[in-house]
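The block underneath contains the structure these notes are about, expressed in C-alpha cells.
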Amino acid sequence: MMYEDLSLERFMAGLKKRTPGEVEFHQAVYEVAESVIPFILANPRYRQAGILQRMTEPDRSIIFRVEWEDDEGNIRVNRGYRVQFNNSIGPYKGGLRFHPSVNLSILKFLGFEQTFKNSLTTLPMGAGKGGADFNPRGKSDREVMRFCQAFMTELFHHIGPNTDVPAGDIGVGVREISYMFGQYKRLAQEFTGVLTGKALEFGGSLIRTEATGYGNAYFMQEMLKHHGDSIEGKTCSISGSGNVATYCAEKVTQLGGKVVTLSDSDGFVHDKEGIDPEKLAWIIDLKTNRRGRISEYAEEFGCDFHAEKRPWGLPCDLAFPCATQNELDERDAKTLVSNGCKAVSEGANMPSTVEAIQVLLDNQILYGPGKAANAGGVAVSGLEMTQNSIRMAWTEEELEKKLVEIMTHIHAQCARYGQEGEFINYVKGANIAGFIKVADAMLAYGVG
Ligand code: NDP
C-alpha cells in the first residue's frame with residue numbers, strides 16, 4: 001500500500017491479508033487505527049514514515065516447546081510464546097498469560113495494546129506479551145513449579161533487565177513469578193530485576209499486586225470527578241475474581257462504592273448487601289490459596305449465584321469488566337445503558353467488543369478503555385524496575401501516591417486528545433496520546 005492512500009478500510013484489508021485468522025489482533029488494531037488514522041492524515045510526517053504499518057508488526061515473535069512431567073510421570077508438551085512488540089521507548093515490558101486459550105493472535109493483541117498503555121504511563125517501557133497454552137486449573141503446586149521452570153529454561157535466552165522484563169497476567173501471579181524468577185536466577189547466575197510482580201522478599205514492590213485493580217478504581221474516580229461526580233454511594237458491578245477484580249473491588253469499596261458482583265468462568269455471584277472487606281478477604285484467600293470457585297462464595301454468604309452468566313444484566317451505576325477479552329458485547333452494553341449505568345472502566349484488556357464500545361460512546365457513557373484504565377499495574381511494575389535498579393524500596397504511601405499521580409496524568413492525556421465538545425472520547429484520547437510518544441521515537445531513529 002502507498003502510504004498516501006492510507007484509509008481505515010485499506011489499512012485493515014492489508015493487515016488481515018498479512019495476518020490471516022488473527023481475529024483478536026485485528027480487533028485491537030482496528031480500535032486503534034480508527035482513531036489514529038485521522039490523526040496521521042493530519043500529520044504527514046507519520047504517514048510518510050509508514051509508522052502505523054511498522055507499529056502493527058511486532059519486532060519479533062518467539063514460539064517454543066515447553067516439556068514437563070506431571071505428577072503421574074506423564075510427559076506433557078505445551079507451547080510457549082514471547083511477542084516482543086516494540087522497544088522504541090524502553091525494554092520490552094508486559095505480562096505472561098497461562099491459559100488454555102493462549103495463541104499468537106491473543107498475544108499479539110495484548111502486545112499491541114501494551115505499546116500504547118506503556119507509553120501512557122510516561123515511564124520508559126517498551127511493549128511485549130507472552131505466555132503459554134498451559135492450564136493451571138487443577139494442577140498441583142509441584143506441577144505448576146515444574147511447568148514454570150521448563151518455561152523459563154527457554155524464555156531465559158530472550159529476556160534480561162535491559163532487554164525484556166515480563167510480569168504476570170491471567171494465570172500468572174506471585175507463585176508463578178517466584179518459580180520463574182528462581183529458575184532465571186539459577187540459569188543466569190545473577191540476581192537482577194528480570195521479572196516484575198516478585199514477592200517482597202526478593203525485590204518485589206509494595207502495592208504491585210494491588211496496582212492494576214487500584215489504578216482502575218482511581219481511573220473511574222478521575223473520570224467521574226471530571227464530570228462533577230464520584231464513586232461514593234454508587235452500586236458497582238465487577239466481573240472476574242482474580243488479581244485485577246479483587247483489588248479493584250477493594251479500592252472501589254474504600255472510595256465509598258458498593259460492589260455487588262464478582263465472577264469467574266463458571267458464573268457470577270450477586271450480593272445485594274455488598275461485598276465488604278471481610279468477605280473480600282475470604283474471596284482473595286479462596287482464589288489465591290484454596291484455589292476454589294466463586295460459587296462457593298454464594299454458599300458461604302447466602303447470596304445468589306448465576307451459573308454461566310455475566311453480571312452485566314443487573315442494574316448498576318458503574319461497571320468494571322476485570323476478567324478477560326470480549327466479555328462485554330453489544331447486548332450487554334445496551335442493557336447497561338438502559339439500566340442507567342453511568343460509566344465503564346476496564347480492568348481487563350479489550351473486554352468490550354467493538355460493537356459494545358460503539359453503543360457506550362453513542363450513549364455518551366463515560367468509557368475508560370483498558371489501555372488507559374488498567375495501566376496502573378504496568379506503571380507499578382515500572383516503579384519496581386526502578387527500585388531494583390537503585391536497590392531501594394519505596395514505602396506503600398510513596399508508591400500509592402505515585403500510582404494516583406500516574407492515573408491522574410493518564411486521564412489528563414486522554415482528556416487532552418479525546419475532547420469532543422462537552423464529551424470526552426477516552427478511546428480516541430488514549431490511542432492518540434499513547435501513539436505520539438512511540439511514533440516520535442520511531443521517527444527519531446530512522447528506518448532500519
Ligand atoms: P487472574 O488469573 O488473576 O484472574 C482472571 C479472572 O478472570 C478469573 O476470575 C478468571 O476465572 C476470569 N476469566 C479468565 N478467563 C475467563 C474467560 N474466558 N471467561 C470468563 N472468565 C474468565 O488474572 P488477572 O486478574 O491478572 O487478569 C484479568 C484481566 O486483567 C486480563 O484481561 C488481563 O490481561 C488484565 N490485566 C492484568 C494485569 C495484571 O497486573 N495482572 C495488568 C493489566 C491488565 P477462572 O478462574 O474461572 O478462569
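As a basis for the values below, the full set of heavy atoms in this structure was taken, side chains included, without hydrogen atoms, waters or symmetry mates. Starting from 1, each residue takes its place in the sequence as its number. Numbering of ligands and ligand atoms starts at 1, following listing order.
Remark: the Ser230 side chain and the Gln221 side chain contain no N/O donor-acceptor pair separated by less than 3.5 Å.
Near ligand 1, residues Arg97, His99, Lys117, Asp169, Ile170, Gly171, Arg208, Thr212, Gly240, Ser241, Gly242, Asn243, Val244, Ser263, Asp264, Ser265, Arg293, Cys322, Ala323, Thr324, Gly347, Ala348, Asn349, Asn374 each place a heavy atom inside the 4.0 Å sphere around the ligand atoms.
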In a table with atom names and distances, give each donor-acceptor pair under 3.5 Å that connects a side chain of residues 168-176 to protein atoms at least two apart or in another chain.
unit_1	atom_1	unit_2	atom_2	d
Asp169	OD1	Lys129	NZ	3.1
Asp169	OD2	Arg97	NE	2.6
Asp169	OD2	Arg97	NH2	3.1
Arg175	NH1	Asp141	OD1	3.1
Glu176	OE1	Gly173	N	2.8

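By the 30° and 60° cut-offs, the orientation of the rings of Phe268 relative to His270 is tilted. Using the six-membered ring where Trp is involved, Phe64 and Phe151 have ring planes that are tilted, between 30° and 60° apart. Under the 30°/60° scheme for interplanar angles, the aromatic rings of Phe301 and Tyr297 are found to be tilted.
Closest non-hydrogen pair, Asn388 versus Gly203, comes out as ND2-O, 2.9 Å.
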